Amino acid sequence: MPATVVVGPEGAELFYDEARLRRADALPGPVRHTLFGDGGVQTLDDEDHRRRKAMFMAVVTPASVGELAALTAAGWEATTARWCQEGRPVVVFDEARDLLCRCAAAWVGLEVGDDELPALARDLATRVDGFGSPGPAHLRARLARHRTERRMEAEVERARRGGAPDGSPLAAVAAHRDADGALLPARVAAVEVVNLVRPTTAIAWYVAFATLALHQHPGWVDQLRTGGHDLLRAFVHEVRRTTPFAPFLGARARRDLTWHDHDIPEGRLVLLDVHGSNHLGRTWGDPEAFRPERFLGREPGPFELIPQGGGSHDLGHRCAGERVTIALLEAAVVALVGLAWHLPPQDLRVPLRRMPTRPRSGMVLDRVRPARA
Ligand code: HEM
């Protein structure tokens, strides 16, 4: 179908102007059927969106993100101690996926047994992995969607019988009421619970890319070991900027528009080129170079660094979990730079024909040991 593609800060500004663009009918079926599910916050507009988004933003307060980050940091300590003790090769992506899923489940307040967690982590990652691929990966993602939504529906019902920990994200979603005053249908509440656990697990993609960046830019390992939090934050921003994750986002024109001499008719699909915006020469200068210094001493503007969307977290569709992502990726990088390792021969290529993509090997590390041992 015809589409208008916009790029860069001014493109993002148009894309996030909700007086001009809407989301309701913009998400392609294959993405709804795998990644997001039906009835979730991603598909809402205007007052319905603001109310549902407020529920998410009330869950990701600095205190709550701090608790999750502490849980994850402790998880990395135990995981890396095991790597050092066992001394056998580990796949960073798989390890991060399982660890992040376990921490997310505990944080959200799910009652998922240790025996259930690896399968849940795999199903959530399969949903992310399959959203942009036709064929078997798509089918696997659809099946995984049904399993995870059924499982989370049971958690919502348990919460509604008073079984969720007080103040937990699960309790908040289960008790949330939309503008009509009614509780969310259990199926939709399950979609929103998944909207917390699935993307937290997906931070494993960034952890794999952070590991690759540390391998390719060893000077940064030393800098991060001795440097302060500003360096860590800058490194994490650069990993998010350079990682090819969500390639573009879609919305539809609410009415006939003119933008930079282009006519955009009512109903036209408008795509925000996310990857292109994060690699645009006029925004970044030398965009293909991995240079965390570009973020030192400043926070990027709302439409500048947009791997997780742009604009306002509270009012627009920008990722509700961006601060979670930054905090958890920082915890992972701190754990990784505390180690020394050997990188055995492996396929480090990042195929750009699939989305999301990652280093093919998942980043295999061998002979892992504490950095100064
Ligand atoms: C790998 C890390 C992540 C990436 C790459 C990512 C990326 C994105 C992107 C591109 C969007 C769409 C923005 C838009 O439609 O304009 C989004 C939305 C969203 N993300 Fe994330 N995200 C990540 C982690 C998280 C985490 C950790 C959470 C929750 C704890 C989260 C929760 C959400 C929610 C609820 C939305 C929907 C927001 C809305 O429609 O208003 N994400 N994310």
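Both counts, for ligands and for their atoms, begin at 1 and track the order of listing. In what follows, residues are counted from 1 in the order of the sequence shown. Quantities reported herein were computed from a predicted structural model and do not represent experimental measurements.
- Not a single heavy atom of E192 sits less than 4.0 Å from an atom of ligand 1.
- Cation-pi check for R241 over W284 is met; the charged atom lies under 6.0 angstrom from the ring centroid and within 45 degrees of its normal.
- Ligand 1 has a nitrogen or oxygen under 3.5 angstrom from a nitrogen or oxygen of Y16.
- Between K53 and ligand 1, a contact under 3.5 Å exists for at least one N or O pair.
- By the 4.0 Å heavy-atom criterion, F56 is counted among the residues contacting ligand 1.
- The heavy atom nearest to atom 21 (Fe) of ligand 1, considering only A320, C319, P247, is found in C319.
- Among residue pairs with one or both ends in residues 203-215, none qualify as salt bridge (charged side-chain N to carboxylate O under 4.0 Å, His left out); sequence neighbours excluded.
- For ligand 1, one of its N or O atoms has an N or O atom of H49 under 3.5 Å away.
- Taking the centre and axis of the six-membered ring of F93, the NZ or CZ atom of R358 falls inside the cone set by 45° and 6.0 Å.
- Protein heavy atom closest to atom 5 (C) of ligand 1, with residue, atom name and distance, is Y206 OH, 3.5 Å.
- In this structure, R52 falls outside the shell of residues with a heavy atom less than 4.0 angstrom from ligand 1.
- The closest approach between G310 and ligand 1 stays at or above 4.0 Å for every heavy atom of the residue.
- In terms of polar-atom proximity, H317 is counted as a contact of ligand 1, with an N or O under 3.5 Å from an N or O of the ligand.
- Checked against side chain to side chain contact (heavy atoms under 4.5 Å, CB included), R318 has the following partners two or more places apart in sequence or in another chain: P302, H313, E322.
- Using modelled atom types and a 3.5 Å distance limit, the side chains of H260 and E10 yield no donor-acceptor pair.
- Every atom of ligand 1 with a heavy atom of Q42 under 4.0 Å away is listed here by number and element: 37 (C), 40 (O).
- Those atoms of ligand 1 with a heavy atom of R23 less than 4.0 angstrom away are 14 (C), 15 (O), 16 (O).
- Considering both main-chain and side-chain atoms, R318 never comes within under 3.5 Å of ligand 1 through any nitrogen or oxygen pair.
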